[in-house]
Amino acid sequence: MDISYILNELGEDRSQYFNAVAPPIIQTSNFAFRKVDDMGKAFEDEMSGYLYSRGINPTVDILRAKLAALDGAEDALVFNSGAAAIFAAVLANVKSGDHIVSVKQPYTWAQRMFDVILPRFGVTTTYIDGTQVSNFAEAIRPNTSVIYLESPNSWTYAIQDLRAVATMAREKNIVTICDNSYCTPLYQRPVEMGIDISLQSATKYIGGHSDTVAGVISGSKSMMKKIFDSEYLNIGSGIQPFNAWLLIRGLRTLPARLEQSAQTTRKVVDYLKTHPKVETVIFPLDPGFPQYELAKSQMSGASGLLTIIYKAQERKEIVQFCEALKHIMMAVSWGGHESLVIPRCASIKEKDFNPAKKEHRMVRLYIGLESADYLIKDLEQAFLAG
Ligand SMILES: *Cc1c(COP(=O)(O)O)cnc(C)c1O
């Protein structure tokens, strides 16, 4: 399906709402029936129609249709956060006594679920280095029910061979889940590579304006129905109509924003690679990236997120660099209009800082929609302080 069609038309029936170009925000909790049997049908299968907005809502439906099509998936569900999307996708596919194989250092709140919540119900997790497919095969046990992937990771950009892992998991009836927040479906389509559930934090590029928290999962109709009927309705963390509307608005400009950010990022990466205070630039579509060939084979692009290893002996130097930035803001998240920085050492105390550990010297940059010159000037003056 054409991306322009998906973003501008799919799921929208303008004749239903005065031919308005922008869809309405159907801000309602419930929907009325004329016929008892129609109500009965909706009770029987809440996914089949409009009953109550914790389930299905028309504004959210427009968004679901677009997000599923972008992913090349049969259906999608949208949540009130990426963390809720992860929670529902995993919980729906494990039972007491099961085992999960996860890539090491997945997104913080995925790891928190595996380490703190699931063990209370007898579900254990093994973390592996996902860069080698053989590590998955070795970690799988008879009770493994989920393989959890994040490709690329959002700090190191370590990637997994999605096709190979999906094929292996299918043979063993293991459900594969991949966090695709880094690429978005515009640059990587895990479901088309055989992954069962693709998920994203829509807070990042889909929203695109740092004003909405949301998450999305996509996959087969049967998988989405299974999750809808249990976790989605029961946790009650589905997206609200207004936030869904903001995401539809974000989608309209997604290709243009990703492209702009990608172009600027190339220039910033080239600048950083020559800077004496930068030991390494980590960016998955840079030819120097260790998994560059695999990245090119499954990702059609990369936008604004990159990490530098800062050349520093002391934590103070990195602190001074970050605090000297005038335009690039120090904040979590990414994918919005504004460029951002996070130093790893924010969570490392001065006395624990060890410059021999590259990880301690990581500084993550997100390149937003400002001009390259504007950002490079800001970095240049901050390096002088650091
Ligand atoms: C932000 C993020 C999430 C979580 O999404 P929220 O919308 O913040 O709940 C999940 N995975 C990755 C890689 C993220 O960057």
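Side-chain atoms are counted along with the backbone in the values below, which use heavy atoms only and exclude waters and symmetry mates. It should be emphasised that the depicted structure is a prediction, and the values quoted were computed from it without experimental measurement. Every number for a ligand or one of its atoms is a count from 1 in the order of the listing.
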Closer than 4.0 Å to some heavy atom of [X] - which atoms of ligand 1 meet that?
{"X": "A214", "result": "7 (O)"}
{"X": "E150", "result": "13 (C)"}
{"X": "D179", "result": "10 (C), 11 (N), 12 (C), 13 (C)"}

Item to check | Point-to-point distance, once rounded to the nearest 0.5 Å, from OG1 of T184 to CG of L258 | outcome: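 Between T184 OG1 and L258 CG, I get 5.0 Å after rounding to 0.5 Å.
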So which protein heavy atom does [atom] come closest to, and at what separation?
{"atom": "atom 1 (C) of ligand 1", "result": "K204 NZ, 1.5 Å"}
{"atom": "atom 8 (O) of ligand 1", "result": "Y107 OH, 3.8 Å"}
{"atom": "atom 7 (O) of ligand 1", "result": "T203 OG1, 2.6 Å"}

Checklist entry - What part of W334, side chain from CB on, backbone N/CA/C/O, both or neither, has a heavy atom under 4.0 Å from ligand 1? => result side chain
Next on the checklist: Pairs of nitrogen or oxygen atoms closer than 3.5 Å, one from G82 and one from ligand 1: do any exist?
Outcome noted: yes
Checklist entry - Which is closest to atom 9 (O) of ligand 1 in terms of heavy atoms, G215, A83, G335, A202? => result A83
Regarding [X] and [Y], do their side chains bring together a donor and an acceptor under 3.5 Å, going by distance alone?
{"X": "Y205", "Y": "Q200", "result": "no"}
{"X": "S210", "Y": "E338", "result": "yes"}
{"X": "N153", "Y": "K104", "result": "no"}
{"X": "Y107", "Y": "S154", "result": "no"}

Checklist entry - How about F321 and F383: are their ring centroids closer than 6.0 Å? => result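 Yes - the distance between ring centres of F321 and F383 falls below the 6.0 Å cut-off.
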Checklist entry - Is K225 paired with D75 through a side-chain N to carboxylate O contact shorter than 4.0 Å? => result no
Item to check | Non-hydrogen atom of P106 closer than 4.0 Å to ligand 1 | outcome: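 The answer is no: ligand 1 sits nowhere under 4.0 Å from a heavy atom of P106.
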